[in-house]
Amino acid sequence: MSSTPILAELLALAHSYDEAIKQSRKTLEMDPNFGLAHNHLGQAYLQKHMIKESIAELQDAVALSGGAATCMANLARAYVAAGRRSDAEAQLDDLQKRSSPLHSYASEVAVIYTALGDRNQAMAWLERGAADRFNPGVLLRPGLDPLRGDPRFTDLLHRIGLDWK
């Protein structure tokens with residue numbers, strides 16, 4: 001497989017959603033059962049407010065990835081956007097139950113809390129993730145964009161070395 005899935009993810013992180021959609025579709029032409037390509041496509045659709053399309057892609061992503069936490073978090077975001085709060089909360093509950101010191105899903109839980117509008121819980125879970133030494137690149141995800149103006153988020157970026165000032 002080419003670098004297309006990686007490129008789609010990078011394009012989504014750069015907020016280039018139309019290009020992320022094109023790259024994700026190229027990947028899915030090569031392998032329609034590649035869960036992460038469905039995730040990238042669904043995330044790009046979500047950012048473009050194409051909610052119905054986003055949910056369909058993200059449901060496929062969850063199914064094809066065997067319930068990957070990132071796919072579940074993005075599906076929960078799409079559910080929130082569609083007004084399906086209880087479905088998002090079910091995804092949240094599942095991820096919280098699955099999260100452990102060995103397999104922390106703190107950043108994914110934080111993404112869902114962000115979508116639900118609970119900044120305090122989102123920040124608490126991001127702090128937990130930082131303590132668990134998560135990949136700091138997760139802080140670039142579009143699902144955390146609503147936190148970017150929060151001084152606690154800025155402080156977290158600074159403490160882990162991701163402040164770009």
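Throughout, residue positions are numbered sequentially from 1 according to the sequence presented. Predicted model, so just to flag it, every value in this text is computed and none were measured.
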ask   = Can you tell me how far CZ of Arg141 sits from OG of Ser107, rounded to the nearest 0.5 angstrom?
value = 4.5 Å
key: Co-membership, hydrophobic cluster, residues Val109 and Phe134, 4.5 Å side-chain   = no
key: All pairs passing side-chain hydrogen bond (donor to acceptor under 3.5 Å, both in side chains) where residues 128-139 contributes a residue, at least two apart   = Ser104-Asp132
query = With sequence neighbours excluded, what pairs up with Asp145 under the salt bridge (Lys or Arg N to Asp or Glu O under 4.0 Å) test?
reply = Arg148
ask   = Which salt bridge (charged side-chain N to carboxylate O under 4.0 Å, His left out) pairs, counting each pair once, include a residue from residues 58-67, with sequence neighbours left out?
value = none
query = Who pairs with Ser99 by side-chain hydrogen bond (donor to acceptor under 3.5 Å, both in side chains), at least two apart in sequence or on another chain?
reply = none
request  = Name all residues meeting the side-chain contact (heavy atoms from CB on, under 4.5 Å) criterion together with His49; count only those two or more places apart in sequence or in a different chain, and write none if there are none.
outcome  = none
note = ring-ring contact (aromatic ring centres under 6.0 Å, His included) filter on Tyr17, not counting sequence neighbours, yields His15
ask   = Hey, does the side chain of Thr27 reach the backbone of Gln23 with a donor-acceptor pair shorter than 3.5 angstrom?
value = yes
message = If you apply the rule salt bridge (Lys or Arg N to Asp or Glu O under 4.0 Å), what do you find for Arg159 with Glu127, and how did you get there?
response = CA-CA 11 Å; Arg159 284 185 281 123; Glu127 289 291 349; 2.4 Å; yes
Table please: side-chain donor-acceptor pairs of residues 87-95 below 3.5 Å, with sequence neighbours left out.
{"residue": "Asp87", "atom": "OD2", "partner": "Arg84", "partner atom": "NE", "Å": "2.7"}
{"residue": "Asp87", "atom": "OD2", "partner": "Arg84", "partner atom": "NH2", "Å": "3.0"}
{"residue": "Glu89", "atom": "OE2", "partner": "Arg85", "partner atom": "NE", "Å": "3.2"}
{"residue": "Asp93", "atom": "OD2", "partner": "Lys97", "partner atom": "NZ", "Å": "3.1"}

query = Which residues satisfy the side-chain hydrogen bond (donor to acceptor under 3.5 Å, both in side chains) test with Asn120, sequence neighbours excluded?
reply = Arg152
note = Rounding to 0.5 Å, atoms CG (Leu13) and CG (Leu140) come to a distance of 6.0 Å
message = Minimum heavy-atom separation for His38 and Pro32, please, with both atom names.
response = NE2-O, 2.8 Å
request  = Report the distance from atom CD of Glu57 to atom CZ of Arg25, rounding to the nearest 0.5 Å.
outcome  = 8.5 Å
key: From CG (Leu147) to CG (Leu156), nearest 0.5 Å   = 10.0 Å
Review item, side-chain donor-acceptor pairs of residues 67-75, under 3.5 Å, at least two apart:
{"residue": "Thr70", "atom": "OG1", "partner": "Glu108", "partner atom": "OE2", "Å": "3.2"}
{"residue": "Asn74", "atom": "OD1", "partner": "Arg77", "partner atom": "NH1", "Å": "3.0"}
{"residue": "Asn74", "atom": "ND2", "partner": "Asn39", "partner atom": "OD1", "Å": "3.0"}
{"residue": "Asn74", "atom": "ND2", "partner": "Thr70", "partner atom": "O", "Å": "3.4"}

ask   = So, Glu29 and Lys26, do they make that salt bridge, N to O below 4.0 Å?
value = no
message = Can you list, by chain and residue number, the hydrophobic cluster partners of Ile21 when the side-chain cut-off is 4.5 Å?
response = Leu28, Leu41, Tyr45, Met50
key: Reported CZ-to-CE distance for the pair Phe153 and Met123, which is rounded to 0.5 angstrom   = 7.0 Å
key: Of all pairs that satisfy salt bridge (charged side-chain N to carboxylate O under 4.0 Å, His left out), the ones with a partner from residues 35-52, not counting sequence neighbours   = Asp18-Lys48
message = Restricting to side-chain hydrogen bond (donor to acceptor under 3.5 Å, both in side chains), what partner residues turn up for Tyr113, sequence neighbours left out?
response = Gln96
query = What is the distance from atom CG of Leu126 to atom CZ of Arg119, rounded to the nearest 0.5 Å?
reply = 12.0 Å
query = Has the side chain of Ser54 got a donor or acceptor atom that lies under 3.5 Å from a matching backbone atom of Gly42?
reply = yes
